[in-house]
Every structure is written in C-alpha cells, then in structure tokens.
Amino acid sequence: MSDSATTAPPTLGAKLAAEGFGTFLLVFGGVGTAVFASNHFTDPGAGSAVYVAVALAFGLTVLVGVYAFGPLSGGHFNPAVTLGAAAAGRIAWRDVLPYIIAQVVGGVVASTALTLIGLFGPEGWLTTAQDAGFASNGWGSHSPGGFGMMAAIIIEVILTGFFLLVILGSTHPTRGGAHAGIAIGLSLTLIHLIAIPVDNTSVNPARSLAAAIYGGSEALGQLWVFIVFPAVGALLAGYAYRALFDGTAKSPSKA
C-alpha cells in the first residue's frame, strides 16, 4: 500500500458514517442501560446502583467511540459538540449540518432498536418503559428530583460548556494528549452524576431527541430545552476557548 493511501484524509462519507455509528453506540449504550436497568432492578434499594450504572454507560460509550471513530470524524456524536467545534475553528461550518444529520439518524436508529427489543420483552415492559419517559429528559414532574425548567436550562448550559472545554483542551492539535478519550469519557460520566437528578442529563440534542420520540407527547413537548440550551452552552464554550486559549504570543521586539 502506498504512503498516499495510508495518509489520505477520510472522505466526508467516512466521517458521517463514523458519526452515525458513534452516536448509535452512545444512545444504545446509555439510553439502553437506563431503560433496561431501571425496569429490571425493582428493589428500591437498587436505585443508586442504576444511577451510577447509567452515568458510567454514557461515559464508557463515548470513551470507546472516541478511540474507535475519533480518528475518522473527530468523535463528536453530539450536535452540540459539532457546533462548539465549529465555533472554535476545529471543523468547517459547511460540515456542521451533515454531521448533525448523521448524529440524529444514528441516535434515532439506536432508540428504535431498543424499542424493537422491548417489543419482545416481558409482557407490559415496553409500555412501562414508555410511560416512564423512555429515559427522556425533562423538568417538573419529568425531573427525577423534581427540578424546574430554569434548573434544567442552567445546568445544560453550564455542563455542556464545560464538556466542550474538556474536549477542545484534550484534543488540541499541539497541546492535546494521546489519552483524550479517557478525559472525555470520564467528564461525561461526571456530568451524568451531577445532572441525572435534575433533568436526566442531556448535553446532547441527538440523545434527547432519540429518547423523546419514544417517551410520549410530554417528553416531546419539553424537548426544545434540550436542543436549544446544550447548543447555547457549546457555542459559548467554543467561541470562548478560541478567544482565551488559542491566541499566540507575540515575539519580543528586538532592541
């Protein structure tokens, strides 16, 4: 094989396939853990175990996905991350919409697969999971801890912003390290540990949409918050990172 074949950059089609598969993995692993574990562990004492399991599932799927697909597409798997990366100058704005479409398709295929599995589960399992929201995000009566809409808005902006700062810092072309995937995966685990009680943790519009379409009309009615405000947090972080951390020092003038 020639050197040009081994060093040629991936095509846009390869990048979009990587984003679709990576987002599928994230939703299938994270939302799948939430709906299957929450319906299996019926003992009230098992609640904390499910809570930690879901947080780890989201973090591990991103960690695995970053190493598997990141070399192709950058490993976003999240429309908010794509927007933040564009704001920071890491990808071209012309690639944003194709990336987001691939991510949404991957997420919806994953939640559809989970629903199909549920059709062949114990009697009433799928109905119970959907009545419970199918791990969708929400506030008020749909918040695990009973938090209101403003709490969801604030936490989504803050946590998505910090998630972008971790991603942009750990994958920096010159300052990033070889273990960026570990930092990104662990940061998403931490984000879920913080935010699951507030709004079931989004920081990812594709994940939120994928769950909401099977979570009922009320989940869909609250979905806009988990599309708009992760995007806001990501854009703020992307522009801030570029302004604060990507400047170059001027060489001292000669006497």
Side-chain angles (χ1 to χ4, degrees), residues 19 21-70 75-78 80-81 103 106-107 109-111 113-114 117-118 121 125 129 132-138 142-145 147 152 155-156 158-167 169-171 177-212 214-215 226 230 233-234:
E19 285 298 304
F21 280 112
T23 311
F24 178 97
L25 175 64
L26 184 148
V27 172
F28 196 81
V31 174
T33 299
V35 295
F36 292 141
S38 296
N39 283 272
H40 179 69
F41 295 111
T42 54
D43 180 356
S48 60
V50 174
Y51 168 60
V52 173
V54 172
L56 284 171
F58 276 103
L60 288 172
T61 55
V62 167
L63 189 156
V64 171
V66 165
Y67 285 111
F69 303 113
H76 298 180
F77 321 138
N78 180 340
V81 171
Q103 293 155 359
V109 171
S111 61
L114 292 172
I117 293 168
W125 183 93
F134 211 73
S136 57
N137 303 111
H142 297 283
S143 161
F147 289 81
I155 205 164
E156 289 298 325
I158 291 173
L159 291 181
T160 310
F162 273 100
F163 189 41
L164 259 294
L165 294 178
V166 171
I167 292 169
S170 62
T171 62
H179 303 296
I182 296 174
I184 294 167
L186 288 178
S187 68
L188 189 60
T189 300
L190 176 61
I191 284 167
H192 278 77
L193 290 173
I194 296 168
I196 285 175
V198 177
D199 62 4
N200 231 12
T201 313
S202 173
V203 304
N204 185 338
R207 166 264 189 271
S208 296
L209 173 62
Y214 294 107
F226 306 102

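- Within the model, atoms CD1 of Ile191 and CG of Leu186 stand 11.0 Å from one another, a figure rounded to the nearest 0.5 Å.
- Taking CG of Leu190 as the start and CZ of Phe163 as the end, the distance is 11.0 Å to the nearest 0.5 Å.
- With hydrogens and angles ignored, the 3.5 Å screen pairs no side-chain donor or acceptor of Gln103 with any backbone N or O of Ala206.
- The number of heavy atoms from other shown groups lying within 6.0 Å of CZ (Phe162) does not exceed 12.
- Remark: Phe77 CZ to Phe69 CZ distance equals 6.5 Å, nearest 0.5 Å.
- Between Gly107 and Ala210, the closest heavy-atom pair is O-CB, 3.2 Å.
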- Passes side chain to side chain contact (heavy atoms under 4.5 Å, CB included), Phe147 versus His142? Steps please. CA-CA 9 Å; Phe147 289 81; His142 297 283; over 6 Å; no
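- Within the structure, the side-chain hydrogen bond (donor to acceptor under 3.5 Å, both in side chains) test picks out the following pairs touching residues 190-210 (sequence neighbours left out): Asn137-Ser208, Ser202-Ser208.
- Between atom CG of residue Leu114 and atom CZ of residue Phe134 there is a gap of 5.0 Å, rounded to the nearest 0.5 Å.
- The line from CG of Leu209 to OG of Ser111 is 7.5 Å long, rounded to the nearest 0.5 Å.
- Each of Thr189, Leu63, Thr171 was checked for a side-chain contact (heavy atoms from CB on, under 4.5 Å) with Ile184, and the lone residue meeting it is Thr171.
- The OG atom of Ser136 sits 13.5 Å away from atom OH of Tyr214, with the distance rounded to the nearest 0.5 Å.
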- Message: Let's go through Leu188 and Thr61 carefully: what are the C-alpha distance in whole Å and the side-chain angles of both, what is the deciding distance for side chain to side chain contact (heavy atoms under 4.5 Å, CB included) to 0.1 Å, and is it a yes or a no?
- Response: CA-CA 10 Å; Leu188 189 60; Thr61 55; 5.6 Å; no
Atom pairs and distances, donor-acceptor, side-chain atoms in residues 23-36, under 3.5 Å, two or more places apart:
unit_1: Thr23; atom_1: OG1; unit_2: Glu19; atom_2: O; d: 2.7
unit_1: Thr33; atom_1: OG1; unit_2: Gly29; atom_2: O; d: 2.6

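- Counting heavy atoms from C-beta outward, Tyr51 and Leu193 have side chains that approach closer than 4.5 Å.
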